[in-house]
**Student:** 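Below you will find the structure I want to go over with you.
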Amino acid sequence: MERESLENPLPNFMVCVRNVRSNGKFGSEPGPTRYLLVPSRETPHPEEHRLDRDKWLAELRRRADLGPSEIADPKNPYSRYTRGDVLIFVHGYNNSQERVLQRQDLLRGNLSKFGFAGAVVSFDWPSADSALNYLEDRSDARKTADELADDAIRLLALAQRAQDELHCDIDVHLLAHSTGAYVVREAFYYAAQSRPLSRVNWNVSQVAFIGADVARKSLSMRDNKSASLFEHSTRITNYQNPYDRALKLSNVKRLGAQPRIGRVGTPEDTSDCVVNVNVGNHWKGLREPELDVGDWSHSWHFHDLTFAEDLAATLAGDEDRRVIRTRKESASGLELRRPRTGAP
């Protein structure tokens with residue numbers, strides 16, 4: 001596995017489904033899928049950073065591989081499973097590629113401080129750099145959900161099947177921010193309708209939503225569109241911030257139709273695999289940085305180590321939802337908290 005240092009920052013894995021403009025640069029409309037490996041601090045380029053899919057996947061496996069599993073029997077070579085993790089980051093609307101990569105770097109760096117050593121991949125869908133494009137971005141999100149299902153989830157699902165034959169155990173996780181949660185939900189729904197994917201025994205381990213711009217009712221067990229998401233996820237964690245201003249904007253642009261789960265939390269009749277973590281009190285105690293981070297109430301997660309520690313524990317999956325040390329029980333449910341020094 002490659003080691004990252006300040007002198008040798010690792011390149012970023014990206015699955016990009018943006019179009020290419022006449023000037024040879026990425027645009028903000030849907031386009032064919034490209035698999036990219038982008039050097040640190042560089043802007044994604046459609047050709048210079050493009051890899052053949054199989055070569056890209058081989059590089060990703062190498063980055064994700066954490067070595068022999070603890071269950072391996074050193075006396076039996078056929079029992080030597082390798083283990084690892086891949087986290088797919090699906091960004092929201094109003095995101096430039098530069099900001100997507102900046103947040104990918106922050107995620108990888110912060111998670112590594114709490115034991116996550118796997119690979120982080122950005123799924124980069126068409127998104128403008130203006131909040132005025134909200135409705136168009138949601139339309140593009142619906143279109144590109146198919147690519148997320150086919151060219152990321154299906155690709156890794158097939159890779160998981162091949163890994164089983166090679167005694168490998170690499171867990172795939174999803175982190176979706178803002179409208180990215182809508183992309184993920186649509187992708188799982190599309191996957192359920194896809195004949196090629198339905199023939200594969202596939203699953204993702206952890207799905208996490210931050211600032212999720214999807215209707216609260218959409219995570220109800222009565223919503224047939226979310227059935228595939230529930231069926232193929234080990235655990236779904238929704239981080240709820242009642243003070244999220246961007247989701248108030250979302251409600252306005254949708255004519256106030258439905259409250260969003262990133263702001264009001266999940267419904268009572270959701271799946272047992274769904275966990276809601278209220279981050280409101282923790283967020284109120286944070287200090288907004290001076291650098292440009294977008295809407296702080298909507299994007300603070302990438303800059304906060306308490307969130308990173310909670311997410312790392314969630315991705316590891318070794319602890320029950322109620323005993324992760326960055327959480328506490330309250331009358332309204334689980335809340336995020338900064339752990340006490342020396343806390344178990």
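For reference, positions follow the sequence shown, starting with 1.
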**Student:** Any ion pair linking K225 and E186 (charged N to carboxylate O, less than 4.0 Å)?
**Tutor:**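 Yes, E186 and K225 are salt-bridged.
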**Student:** Taking the side chain as every heavy atom from C-beta outward, state whether D244 and W283 have any pair of such atoms under 4.5 Å apart.
**Tutor:**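 SC-SC contact between D244 and W283 ruled out.
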**Student:** Tell me, do V17 and D124 make a side-chain contact under 4.5 Å, heavy atoms counted?
**Tutor:**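 Contact flag for V17/D124 side chains = no.
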**Student:** Taking W125 for the side chain and V90 for the main chain, is one N or O donor matched with an acceptor at less than 3.5 Å?
**Tutor:** no
**Student:** We want to know whether N94 and R99 form a side-chain donor-acceptor pair, criterion being a heavy-atom distance below 3.5 angstrom.
**Tutor:** no
**Student:** Are any of the side-chain nitrogens in K113 or E309 under 4.0 Å away from the carboxylate oxygens of its partner?
**Tutor:** no
**Student:** When you compare the side chain of V86 with that of D171, does any pair of heavy atoms fall below 4.5 Å?
**Tutor:** no
**Student:** Decide yes or no for L36 and L51: does some side-chain heavy atom of the first lie under 4.5 Å from some side-chain heavy atom of the second?
**Tutor:**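 Contact flag for L36/L51 side chains = no.
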**Student:** Should E29 and R18 count as an ion pair when the cut-off is N to O under 4.0 Å?
**Tutor:** no
**Student:** If you group Ile, Leu, Val, Met, Phe, Trp and Tyr by side-chain heavy-atom gaps below 4.5 Å, do L315 and I88 land in one group?
**Tutor:** no
**Student:** Ignoring hydrogens and geometry beyond distance, is a side-chain donor-acceptor pair present between T314 and R327 at under 3.5 Å?
**Tutor:** yes
**Student:** Determine, using ring centers only, whether Y239 and F307 are less than 6.0 Å apart.
**Tutor:** yes
**Student:** Examine distances only and state if a side-chain atom of S233 and a backbone atom of F230 form a donor-acceptor pair shorter than 3.5 Å.
**Tutor:** no
**Student:** Is there a path of hydrophobic side-chain contacts, each under 4.5 Å between heavy atoms of I/L/V/M/F/W/Y residues, joining F13 to V204?
**Tutor:**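 Yes, it is one cluster - the side chains of V204 and F13 are joined through contacts under 4.5 Å.
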**Student:** Could you check whether any side-chain N or O of S297 sits under 3.5 Å from a backbone N or O of R245, counting only pairs where one atom can act as donor and the other as acceptor?
**Tutor:**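 Judged by distance alone, yes, a pair lies under 3.5 Å.
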**Student:** Do D213 and R260 meet the salt-bridge criterion of a basic N to acidic O distance under 4.0 Å?
**Tutor:**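 Yes, this pair counts.
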**Student:** Decide whether H282 and E335 meet the rule of one side-chain donor and one side-chain acceptor closer than 3.5 Å.
**Tutor:**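 H282 vs E335: no donor-acceptor pair found between side chains.
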**Student:** Are V293 and H303 side-chain neighbours, meaning at least one heavy-atom pair lies under 4.5 Å?
**Tutor:**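 SC-SC contact between V293 and H303 confirmed.
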**Student:** Please examine the side chains of Q97 and C16, heavy atoms only from C-beta on, and report whether any two atoms are closer than 4.5 Å.
**Tutor:** yes
**Student:** Would you say F89 and N12 make side-chain contact, with heavy atoms under 4.5 Å?
**Tutor:**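 In short, these two side chains do not touch, never coming nearer than 4.5 Å.
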**Student:** Is a salt bridge present between D223 and K217, judged by a nitrogen-to-oxygen distance below 4.0 Å?
**Tutor:** no
**Student:** Do the side chains of R103 and H91 get nearer than 4.5 Å, heavy atoms only?
**Tutor:**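 Not touching, per the 4.5 Å side-chain cut-off.
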**Student:** Could you check whether any side-chain N or O of N95 sits under 3.5 Å from a backbone N or O of Y93, counting only pairs where one atom can act as donor and the other as acceptor?
**Tutor:**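 Here the side-chain-to-backbone pair exists.
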**Student:** Ignoring hydrogens and angles, tell me if any N or O in the side chain of R337 forms a donor-acceptor pair with the backbone of R325 under 3.5 Å.
**Tutor:**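 A pair under 3.5 Å: yes.
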**Student:** Is a donor from one side chain sitting under 3.5 angstrom from an acceptor on the other, for T33 and E147?
**Tutor:**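 No, no side-chain donor-acceptor contact under 3.5 Å.
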**Student:** Between S218 (side chain only) and V214 (backbone N and O only), is there a donor and an acceptor less than 3.5 Å apart?
**Tutor:** no
**Student:** Are V100 and Y182 linked, directly or through other ILVMFWY residues, by side chains that come within less than 4.5 angstrom of each other?
**Tutor:**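 As far as the 4.5 Å side-chain criterion goes, Y182 and V100 are not connected within one cluster.
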**Student:** I would like to know whether N276 and L334 meet side chain to side chain contact (heavy atoms under 4.5 Å, CB included); could you show each step before the answer?
**Tutor:** CA-CA 7 Å; N276 193 78; L334 290 173; over 6 Å; no
**Student:** For F302 together with H177, are the ring centres under 6.0 Å from each other?
**Tutor:** yes
**Student:** Tell me if a side-chain donor or acceptor on S228 pairs with a main-chain N or O of Y189 at a distance below 3.5 Å.
**Tutor:**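 No.
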**Student:** Below 30° counts as parallel, above 60° as perpendicular, anything between as tilted: where do the rings of Y35 and W56 land?
**Tutor:**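 Tilted: the ring planes of Y35 and W56 meet at 30° to 60°.
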**Student:** Looking at V120, is its backbone amide N or carbonyl O close enough to the side chain of R108 to form a donor-acceptor pair, meaning the two atoms are under 3.5 Å apart?
**Tutor:**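 No; zero donor-acceptor contacts below 3.5 Å.
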**Student:** Consider only side-chain heavy atoms of I, L, V, M, F, W and Y, link residues closer than 4.5 Å, and tell whether V207 and V121 are in one cluster.
**Tutor:** yes
